[in-house]
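Note sheet for the following structure.
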Amino acid sequence: MAAANPPLDAIALLKADHRKVEDLFSQFEAAKGDGRKKSIAGQICMELTVHAKIEEDIFYPACEGKVEDDQLKEAYVEHDGAKILIAEIEAGGPDEHYYDAKVKVLSEQIEHHVEEEEKRVEGMFSQARKAGLDMDALGRQLAARKAELIANYKATGLPTPETPTFESTTLG
Ligand SMILES: [Fe+2]
Ligand SMILES: [Fe+2]
């Protein structure tokens with residue numbers, strides 16, 4: 001768990017991100033007070049935005065042809081679906097009628113998505129590992145890009161999300 005020494009294996013890095021977000025969702029559920037909720041929700045949005053981006057820019061393209069095509073397509077669509085709720089949560093606040101519900105539904109969507117990635121044998125990560133992807137090289141790329149994105153987003157705020165799999169819905 002030492003932040004100074006992140007895992008370089010791509011799958012270990014992505015799984016560590018998943019565990020971190022799961023922990024943040026639990027913290028949100030237990031949180032009392034609008035300030036605390038807003039702060040945890042902000043961390044969830046940041047973590048998920050960075051995670052989705054490094055998967056879409058680096059890991060998923062490396063999985064093309066190595067992971068079942070339908071599964072990979074579904075993963076992209078699931079990301080885009082989550083981005084809608086992330087944008088809502090990021091722009092909203094705990095005083096909103098549906099705020100907690102949005103965070104809860106996002107956590108359920110992410111739980112499903114993480115299951116698809118991590119499932120034994122037929123999960124995306126298992127398929128990618130089996131196909132012999134260079135997880136150390138990918139891990140280094142993911143870690144570098146992640147650090148860069150976090151620095152950017154902390155400086156500028158989260159960008160308007162891109163949802164390239166959606167034809168008729170645009171955000172922003
Ligand atoms: Fe993931
Ligand atoms: Fe993903």
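When a ligand or atom number is given, it counts from 1 through the structure's own listing order.
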Subject >> Separation between CG of Leu14 and CD1 of Ile58, rounded to the nearest 0.5 Å >> reply: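 Nearest 0.5 Å value for the CG-CD1 distance: 9.5 Å.
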Using a 3.5 Å cut-off and no angle test, enumerate the donor-acceptor pairs between side-chain atoms of residues 130-143 and protein atoms at least two apart in sequence or in another chain.
{"residue": "Asp134", "atom": "OD1", "partner": "Asp136", "partner atom": "N", "Å": "3.2"}
{"residue": "Asp134", "atom": "OD1", "partner": "Ala137", "partner atom": "N", "Å": "3.1"}

Original post:
Which protein atoms of type N, O or S are found under 2.8 Å from the Fe ion (ligand 2)?
Top reply: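 Listed by chain and number, the nearby protein N, O or S atoms are Glu55 OE1, Tyr60 OH, His79 NE2, His113 NE2, Glu117 OE2.
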Original post:
Taking only residues at least two apart or on different chains, which pairs with a member in residues 35-46 satisfy salt bridge (charged side-chain N to carboxylate O under 4.0 Å, His left out)?
Top reply: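 Those involving residues 35-46 are Lys37-Asp100.
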Subject >> Nearest atoms (heavy-atom pairs only) where Gly92 meets Tyr99 >> reply: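 Between these two residues, the closest heavy atoms are C-CE1, 3.8 Å.
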**OP:** Can you sort out the partners of Val21 under side chain to side chain contact (heavy atoms under 4.5 Å, CB included), two or more places apart, ordered by chain and number?
**Re:**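 Result, side chain to side chain contact (heavy atoms under 4.5 Å, CB included) vs Val21: Phe25, Glu47, Leu48.
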**OP:** Tell me whether the centres of the aromatic rings in Phe166 and Tyr76 are closer together than 6.0 Å.
**Re:**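 Centroid separation for Phe166 and Tyr76: 6.0 Å or greater.
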